[in-house]
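Every number for a ligand or one of its atoms is a count from 1 in the order of the listing. Note that this is a predicted model, so its numbers are computed, not measured. In what follows, residues are counted from 1 in the order of the sequence shown.
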Amino acid sequence: MSQASEGRDLRLTQVEKQFAAFTAVHPLDLVVPQGTFFALLGPSGCGKTTTLRMVAGLETPTAGTISIGDAEITYEKPYKRPVNTVFQNYALFPHLTIVDNVAFGLKRRGVRDTRKQVADMLELVELTTQATKKPAQLSGGQQQRVALARALINHPEVLLLDEPLGALDLKLRRAMQLELKRIQIEVGLTFVHVTHDQEEAMTMADTIAVMNAGRVEQMGSPAELYENPQTTFVANFLGQSNLIAGAVQETGNGVVRVDMHGTAVSIPAERAHVNAGKAWVGIRPEKVLIAPAGEPIDAPGNHMRGAVIVDTSFIGVSTQYVVRMPWGQELTVFEQNTGARGVMAPGTTVDVSWRPEFAFLLDANQDVNAGTEEE
Ligand code: ATP
């Protein structure tokens with residue numbers, strides 16, 4: 001994060017967008033610190049592209065203000081904003097060489113000698129050897145890097161990326177994620193990235209805003225969101241979660257105690273997003289420890305006995321179990337393949353447990369399946 005250039009944060013204040021009677025973006029407050037990589041993550045239709053387009057100037061907010069540093073840009077024309085956008089469909093000029101594609105913005109602004117800047121940009125995106133080719137002669141990943149160079153050469157303060165890797169196959173997308181992150185760190189600009197791919201957002205972003213139905217559900221670092229989701233939507237959309245019905249018994253001493261189908265479990269207060277009444281006890285599959293009935297489990301407390309494995313999938317790095325709990329619910333358990341134990345077959349009676357510090361507690365009024373269909 002660049003400290004020297006503080007004060008050029010991108011700031012959205014109560015920004016709202018309505019299309020006729022439909023509210024695509026509910027009043028939204030967002031601060032993207034200068035020089036950080038920010039991701040807007042959410043399923044199709046959640047309003048992330050509309051938010052990005054308002055920053056680009058391609059949509060006008062119904063209400064609210066957008067500013068970069070002290071300068072308000074809410075109604076500024078797109079080309080007058082210190083903002084550039086890279087789209088999924090690169091939009092390169094097919095008849096121009098890579099060099100001329102990258103030089104385009106500079107030439108349009110009347111810069112005569114573009115050679116040095118273009119050469120630097122091509123080096124940044126590692127395309128120096130492709131300079132004289134036309135876009136059609138490049139791979140998808142290379143074309144995307146040209147689009148990036150073409151935007152970056154204009155020295156925007158904020159670079160907007162609208163699903164820029166969506167058209168690439170999985171392997172190339174992974175490589176480009178690391179590449180994009182490297183470039184962002186190297187140029188130190190503010191990147192705002194729109195994606196529906198949680199892994200992509202987690203790989204690259206310093207901060208993620210998870211959007212659902214036109215609202216930000218939660219904002220934080222990838223680890224914060226993953227380890228301590230505040231809503232069922234975030235718990236299910238970012239990775240997987242087991243959500244188990246429970247009822248709060250008491251609170252105090254920094255923990256919330258919950259009765260979960262007859263088992264007393266405790267949740268650290270800072271991970272409890274409800275502290276009375278009914279609640280969902282959340283635990284990630286890899287945090288659940290499993291052992292054949294009666295064998296010791298390396299987790300204090302919260303032991304649950306009498307579970308039965310109903311499905312076993314060995315996937316090499318881990319084994320994924322589905323276990324039926326005594327109350328009938330099926331939980332997902334990922335066990336790392338350390339070699340300490342063989343794979344357990346369906347039908348095996350097991351005990352499960354988890355360390356209380358890994359559980360979280362969510363509002364029982366929220367839909368237990370929110371965020372799962374989008375996976
Ligand atoms: P996707 O990943 O599919 O692009 P998104 O999260 O980016 O989804 P938006 O494109 O921001 O979603 O759209 C949010 C909602 O606003 C959607 O329900 C969409 O149908 C609606 N919408 C977007 N643009 C318009 C428009 N010009 N007129 C009417 N409704 C629109």
Side-chain angles (χ1 to χ4, degrees), residues 10-30 32 37-66 73-78 81 83-91 140 144 147 151 158-170 173-174 176-177 180 190-205 207-220 222 225 229 231-239 367 369-375:
L10 169 65
R11 193 175 295 268
L12 276 64
T13 308
Q14 290 292 297
V15 167
E16 184 185 15
K17 182 64 187 179
Q18 292 181 344
F19 294 109
F22 176 73
T23 306
V25 178
H26 293 271
L28 178 76
D29 288 313
L30 213 61
V32 182
F37 202 126
F38 190 90
L40 284 169
L41 171 70
S44 183
C46 72
K48 52 196 191 300
T49 300
T50 301
T51 304
L52 199 79
R53 286 172 60 83
M54 290 192 284
V55 176
L58 303 170
E59 287 303 345
T60 306
T62 313
T65 59
I66 302 173
I73 57 165
T74 319
Y75 303 107
E76 193 75 274
K77 296 225 162 35
R81 300 177 182 216
V83 171
N84 263 90
T85 310
V86 177
F87 297 98
Q88 178 174 333
N89 56 355
Y90 329 126
Q144 191 52 275
V158 178
L159 189 74
L160 306 176
L161 302 138
D162 191 359
E163 299 266 7
L165 310 181
L168 307 179
D169 69 45
L170 189 63
R173 201 155 72 212
R174 293 267 155 77
M176 276 299 292
Q177 289 166 5
L180 261 179
T190 310
F191 277 34
V192 181
H193 179 115
V194 157
T195 181
H196 64 271
D197 181 337
Q198 46 115 357
E199 206 174 297
E200 183 163 307
M202 291 182 83
T203 306
M204 294 192 287
T207 307
I208 300 174
V210 181
M211 287 190 78
N212 180 28
R215 290 189 168 88
V216 171
E217 291 240 345
Q218 191 176 347
M219 195 152 47
L225 295 177
T231 65
T232 56
F233 181 84
V234 175
N236 292 324
F237 191 72
L238 216 66
D367 177 6
N369 293 317
T372 52
E373 308 82 35
E374 291 84 0
E375 283 285 281

- Between Gln14 and Glu16, do the side chains contain an N or O donor and an N or O acceptor separated by less than 3.5 Å? no

- Query: Taking atom types as modelled and ignoring hydrogens, do the side chains of Thr231 and Glu217 form a donor-acceptor contact shorter than 3.5 angstrom?
  - Reply: yes

- Message: Using the side chain to side chain contact (heavy atoms under 4.5 Å, CB included) criterion, which residues pair with Asp367? Sequence neighbours excluded.
- Response: Asn369, Ala370

- Neighbour list for ligand 1 [protein residues, heavy atom under 4.0 Å]: Phe19, Phe22, Ala24, Pro43, Ser44, Gly45, Cys46, Gly47, Lys48, Thr49, Thr50

- Only one of Arg174, Lys48, Arg173 passes salt bridge (charged side-chain N to carboxylate O under 4.0 Å, His left out) with Asp197, and that residue is Arg173

- By salt bridge (Lys or Arg N to Asp or Glu O under 4.0 Å) - contacts of Asp29 (at least two apart): none

- Contacts of Arg215 that satisfy side chain to side chain donor-acceptor pair (under 3.5 Å) - sequence neighbours left out: His26

